[in-house]
Visitor: 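Pasting a structure here, questions to come.
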Amino acid sequence: MNLIVQVMLFTCILSPWTCSPSPHKSTCEIKNAKADCSHMNLDGVPANLPNNITELDISHNRLKNLSSLYLYRNLMNIDASYNSLTIIENSLCLFLPHLQNLNVQHNEVYVIEEKHLKNCSHLTQLDLSDNRLKLHGEPFSALKSLKWLDVSRNKLTSAKLGTQPQLPNLVTLVLSGNAFSVLQKDDFSFLSNSSTFQVLVLSSQLFKKVESGCFQAISRLSVLVLDGSKLIPQFTSLLFEDLGGTALQSLSLKNTLQLTLSSTAFQGLEKSNITSLDLSENRITKIPDGTFQWFPRLESLSLEQNAIKHLTKNTFSGMGNLRKLNLHKALIKSRSSPLPVIEDFSFQPLEHLETLCMSKTAFRELTEHIFSRLPNLKTLDLSWSITGLKTITNRTFAALQDSPLLQTLNLTGMGINKLEPGAFSNLGNLTRLLLSYNFINQQLKGNEFAGLLNIKEIDLSLNQQSISLTNASFIFTSTLKSLNLARTLKGNLDFHPSPFRPLVNLTFLDLSNNNIANLNVGLLTELFNLKVLKMQHNNLARLWKTANPGGPVLFLKNCTKLSYLNLDYNGLDEIPYNALSGFSELRELSLRGNLLDKLHSFVFDELQSLKYLHLQKNLITSVQRVTFGVPLSNLTELYMDHNPFDCTCESILWFSGWLNKTNTSVPGFPQNYICNTPNAYFNQTVMHFDPLSCKDMMPFKALYILSSTAVLMLLFTSFLVHFQGWRLQFYWSLMVNHVLGSAKSRGVAEHRYSYDAYVIHSAEDRPWVERSLLQVEEDNFIFFLEHRDAIPGFSQIDTIIENMGQSRKIIFVITEKLLKDSWCRRFKAHHALHKRAQSASFSSHVLVLEEEPGKLGASTGNEPFIHME
Ligand SMILES: *[C@@H]1O[C@H](CO)[C@@H](O)[C@H](O)[C@H]1NC(C)=O
Ligand SMILES: *[C@@H]1O[C@H](CO)[C@@H](O)[C@H](O)[C@H]1NC(C)=O
Ligand SMILES: *[C@@H]1O[C@H](CO)[C@@H](O)[C@H](O)[C@H]1NC(C)=O
Ligand SMILES: *[C@@H]1O[C@H](CO)[C@@H](O)[C@H](O)[C@H]1NC(C)=O
Ligand SMILES: *[C@@H]1O[C@H](CO)[C@@H](O)[C@H](O)[C@H]1NC(C)=O
Ligand SMILES: *[C@@H]1O[C@H](CO)[C@@H](O)[C@H](O)[C@H]1NC(C)=O
Ligand SMILES: *[C@@H]1O[C@H](CO)[C@@H](O)[C@H](O)[C@H]1NC(C)=O
Ligand SMILES: *[C@@H]1O[C@H](CO)[C@@H](O)[C@H](O)[C@H]1NC(C)=O
Ligand SMILES: *[C@@H]1O[C@H](CO)[C@@H](O)[C@H](O)[C@H]1NC(C)=O
Ligand SMILES: *[C@@H]1O[C@H](CO)[C@@H](O)[C@H](O)[C@H]1NC(C)=O
Ligand SMILES: *[C@@H]1O[C@H](CO)[C@@H](O)[C@H](O)[C@H]1NC(C)=O
């Protein structure tokens, strides 16, 4: 054991990559009818898979045979690559009658005979590459349905896979990387009955000789791929001669060491109808004039990744039919030699050219007539080309006035630093102008784009934040639909009127990464058709603050057709409550990396179409239904990770419930949804929040509210009674009196009373009584006051007895002085109480008015206490 570990350690030191943890899984993954048992270190096919599977990936294991596959009779596709199979069992296709696609690439299949594939008549695709095939007899003769056969890298010594005509439905044969270097006359005769045969791949071979007539049997061949083969000129001339009689349309000679081309190199192909030729990666330095004259029908030529030094006006002569020319990296700058040269009128022979790609080419100068006379040109791609072009003047592309159909001009990464007025004035049909990754440093006055009558897209992104706008910047481009100004502008857009005002049809606007801090409410108001607005990485926080002088700047107000809005990383800590109103078509809202915490309820309520919401990396603590109910209702994806969630019932209960049952995809959940508060949940995921803890709280909460209300009420009442009780009683008695008084007027038998009340007071309280009670008397009451109403001549006692009898009530004005008045105290009170007992049936009352003790004399403004019995 120790030894093994040591050996492993040793090999690890020698070659660390063999020791990286192996990606073995322990069970097969089953999805729909497909079982993935790859990378499992298996010796045999597992026997416990669903028996109706149709697709099985058993690659990267240690299988020696496919015996237990017979359990799965519905199998159509088997990937058994990277195993140790040495044989394809005779019975394989017998037991798997539906088998269509068998991949045994990278095994050790050796002898293969007719009987092995005997029953495989339904097989359409067979990959036997990277084995050690020894073909005996006619092994493929039974494969009546086979369309695609790959026997690459098997050290086969001949291209001849059989002697009898067979494989009637074969379309593609891949023979790459085998050991033969000669193509013999009858090599492909086994395909002579294959009427559908089209593609022959003979890559990475070392060819020496081709016998004439060898392609006769497969003259319907339309694609021949020789990529990576070493082709010596003797071979190619014979080959091309022989291909002349075929229907070949596409020839790929990528990386075939065609270092030098002679003008007659392709002469043999003159009779062919080739439309596509790929000569990329050949380190070609020189193309003699007339080299391509043999391809009058060629439509597509690729010279990608060569080292051509010079293009003249005859280089492409004879290719009047060419539609697409790919010169990506075809001319390159080398340290030792000067920049390659493209002469004026070099492309003139290509009168049907539609697409000219010159990306990453290097040439000395963009002279005035390089692109002259290309009447059908639609796309010109000069991106990242090295030309020394700095300023685009009204002459630079003047030659393109011969190309009225030009639609796309790709000037990405060309080191341009200035656009002069009228720079594109000839390009009336141009729809896309791509100017990103340049160094344009100027104020756009508008006339730079004059004449672009049909322009749809301008990309000025990544121009080092050195372009500034004016009101007129886009007055000539009102047809624009897409404008990209990302990382381009100097950060001020506070213009009246807005530079974007003419762009009524604009649907895409990118203003991201510009440090814009200053803009006004009118900036986007004319962009009624805007669908995509990107303003991430600016400085818009102030504009949406309530405290902003003049209030929040609602710059999105009229853009109600928006379907994508990005305001990431703007330092926003507030969203005005109506900032997003009317955005019923918004599908994606991104507010990542801001400082948002408390959001207004209902701020997202009009976003009924929202599908993607990004709020990660903010300061959101609480996710409540009032704010998030609408936007989360029908979401496809939510990103709200990396927020400091407050995992309390109040803040997170609704959200945790939503997360638990939603179908919305929430990437990063749960591991990136972490509680920050309270302590009990600190650094745990929101998933661990226990919603039951909130349920338990419910009855307690109700009880708490109930009891605290009761206590408060009690307190309030007792305070009220204590301090204001007399007042209540007073009003109560007044009310009662009023009712009784009106009863009297209603004629109830109360005529025996002459007075409503008999007032008992001490003599000293007389001023107060006159002042206070006589006021009341004026409204419907008649009081008996001794000093006023006593009939002179009657004794005091008779007066009292008589008149008390005629009074419905007796009012005591109880003050200290009354209590000291012994006459009063003893007699009047006694009589009064006595009388009350007598007349209880008349519901008479004794009212006791009490001046606040001791206060009466001193402060005449005080009101009396009134006691009613
Ligand atoms: C395969 O069979 C299983 C039950 O054995 C069944 O649940 C499944 O739907 C079947 N799948 C297909 C593609 O027929
Ligand atoms: C297939 O391989 C397994 C494991 O190597 C072996 O046990 C079994 O005998 C083999 N079956 C046949 C038919 O060779
Ligand atoms: C090339 O095309 C022409 C016209 O389409 C046809 O007549 C001719 O037979 C074709 N040549 C070959 C070799 O297929
Ligand atoms: C090009 O610009 C120059 C000035 O820079 C001007 O004199 C000339 O008329 C312009 N040519 C055209 C065709 O507009
Ligand atoms: C323009 O060139 C750039 C860089 O090569 C490339 O990424 C882009 O796809 C090109 N655009 C068009 C429309 O060809
Ligand atoms: C635009 O293209 C049309 C053909 O589609 C052509 O007739 C017209 O002259 C072109 N306009 C310009 C300004 O080149
Ligand atoms: C805007 O688009 C409409 C409809 O496609 C079109 O009729 C109108 O001319 C366009 N306006 C401008 C200024 O291009
Ligand atoms: C929004 O558009 C209307 C016209 O539909 C216009 O009257 C209004 O002024 C625009 N809003 C602002 C803030 O400019
Ligand atoms: C939710 O979105 C789907 C489309 O993604 C839509 O068909 C459905 O009507 C929407 N449901 C609601 C309630 O808006
Ligand atoms: C999630 O839902 C299940 C069943 O609906 C429930 O048992 C569980 O407590 C819920 N978990 C949370 C965190 O809400
Ligand atoms: C939070 O938990 C993770 C592991 O779950 C741990 O690595 C990390 O140190 C913890 N952070 C704090 C501040 O406790």
Side-chain angles (χ1 to χ4, degrees), residues 302 304-305 323-332 353-362 377-387 389 405-416 424 427-439 446 449-463 472-484 486 497-510 526-531 561 641-645 647 668-689:
S302 175
E304 206 179 308
Q305 302 206 45
R323 307 287 151 101
K324 183 166 191 243
L325 177 58
N326 184 354
L327 293 175
H328 174 77
K329 283 192 178 173
L331 293 79
I332 52 171
L353 196 67
E354 291 173 5
T355 304
L356 176 54
C357 174
M358 296 176 63
S359 52
K360 298 208 174 168
T361 51
L377 195 64
K378 289 188 177 142
T379 301
L380 176 57
D381 185 352
L382 287 165
S383 59
W384 300 106
S385 58
I386 299 160
T387 62
L389 183 67
L405 305 180
L406 190 67
Q407 291 185 349
T408 303
L409 183 56
N410 197 341
L411 303 176
T412 303
M414 284 188 71
I416 299 164
F424 308 103
L427 312 179
N429 279 338
L430 199 71
T431 56
R432 310 179 76 187
L433 176 59
L434 309 175
L435 284 161
S436 63
Y437 287 102
N438 280 296
F439 299 92
F449 300 124
L452 291 170
L453 305 174
N454 284 298
I455 195 75
K456 296 277 183 292
E457 174 182 352
I458 292 182
D459 186 350
L460 279 165
S461 61
L462 296 142
N463 267 287
S473 293
F474 301 106
I475 48 165
F476 290 110
T477 58
S478 62
T479 50
L480 267 186
K481 287 193 180 301
S482 165
L483 178 59
N484 192 338
S498 160
F500 306 128
R501 193 179 39 122
L503 309 181
V504 289
N505 282 346
L506 202 68
T507 58
F508 175 101
L509 178 60
D510 191 340
E526 307 294 325
L527 308 184
F528 298 104
N529 292 304
L530 205 60
K531 293 228 177 328
K561 289 228 183 99
D641 46 280
H642 296 98
N643 276 294
F645 293 109
C647 294
F669 181 77
Q671 70 276 14
N672 293 332
Y673 286 69
I674 306 291
C675 304
N676 189 47
T677 49
N679 273 340
Y681 284 109
F682 177 71
N683 206 18
Q684 295 189 35
T685 76
V686 171
M687 196 176 69
H688 290 154
F689 177 74

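Reckoned from all heavy atoms, side chains included, excluding hydrogens, waters and symmetry mates. Both ligands and their constituent atoms are indexed starting at 1 by order of listing.
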Visitor: Looking at atom 13 (C) of ligand 5, what's its closest protein heavy atom, distance included?
Guide: Arg432 NH1, 3.1 Å
Visitor: Would you tell me which option among Asn683, Asn676, Thr685 has the nearest heavy-atom contact to atom 11 (N) of ligand 11?
Guide: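 Heavy atom nearest to atom 11 (N) of ligand 11 belongs to Asn683.
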Visitor: With under 30° as parallel and over 60° as perpendicular, where do the rings of Phe689 and Tyr681 fit, or are they tilted in between?
Guide: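 Tilted, since the angle between the ring planes falls between 30° and 60°.
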Visitor: With a 4.5 Å heavy-atom cut-off, do Asn454 and Thr479 have their side chains touching?
Guide: no
Visitor: Side chain, backbone, both or neither: which applies to Thr479 and ligand 7 if a contact is any heavy-atom pair less than 4.0 Å apart?
Guide: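 Both of them.
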Visitor: Take atom NZ in Lys456; do more than 12 heavy atoms of anything else shown fall under 6.0 Å from it?
Guide: yes
Visitor: Which residue and non-hydrogen atom of the protein lie closest to atom 1 (C) of ligand 7, and at what distance in Å?
Guide: Asn505 ND2, 1.4 Å
Visitor: To check you understand the geometry: which heavy-atom pair defines the closest contact between Asn529 and Val504, and what is its length?
Guide: ND2-O, 2.8 Å
Visitor: Please check if a non-hydrogen protein atom sits closer than 4.0 Å to atom 9 (O) of ligand 7.
Guide: no
Visitor: Look only at interatomic distance and state if Asn410 has a nitrogen or oxygen under 3.5 Å from any nitrogen or oxygen of ligand 5.
Guide: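 Yes, at least one N or O pair falls under 3.5 Å.
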Visitor: May I ask whether atom 4 (C) of ligand 7 is less than 4.0 Å from at least one protein heavy atom?
Guide: no
Visitor: Tell me the contacting part of Ser383 for ligand 5: side chain, backbone, both, or neither, using a 4.0 Å heavy-atom threshold, strictly below.
Guide: side chain
Visitor: Residue-level breakdown please: for Leu434 versus ligand 5, do any non-hydrogen atoms fall below 4.0 Å on the side chain, on the backbone, on both, or on neither?
Guide: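 For Leu434, the contact with ligand 5 is made by the side chain alone.
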Visitor: Can you list the atoms of ligand 5 that are under 4.0 Å from a heavy atom of Trp384?
Guide: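 In order of number, 4 (C), 5 (O).
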Visitor: Determine whether more than 12 heavy atoms belonging to other residues, nucleotides or ligands lie under 6.0 Å from atom NZ of Lys531.
Guide: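 Atom NZ in Lys531 is packed in, count exceeds 12.
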Visitor: How are the rings of Trp384 and Tyr437 set to each other: parallel, tilted or perpendicular (split at 30° and 60°)?
Guide: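 Because their plane-to-plane angle lies in the 30° to 60° range, the rings of Trp384 and Tyr437 count as tilted.
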Visitor: Using 4.0 Å as the upper bound for N to carboxylate O, is an ion pair formed by Glu526 and Arg501?
Guide: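 So Arg501 does not pair with Glu526 through a salt bridge.
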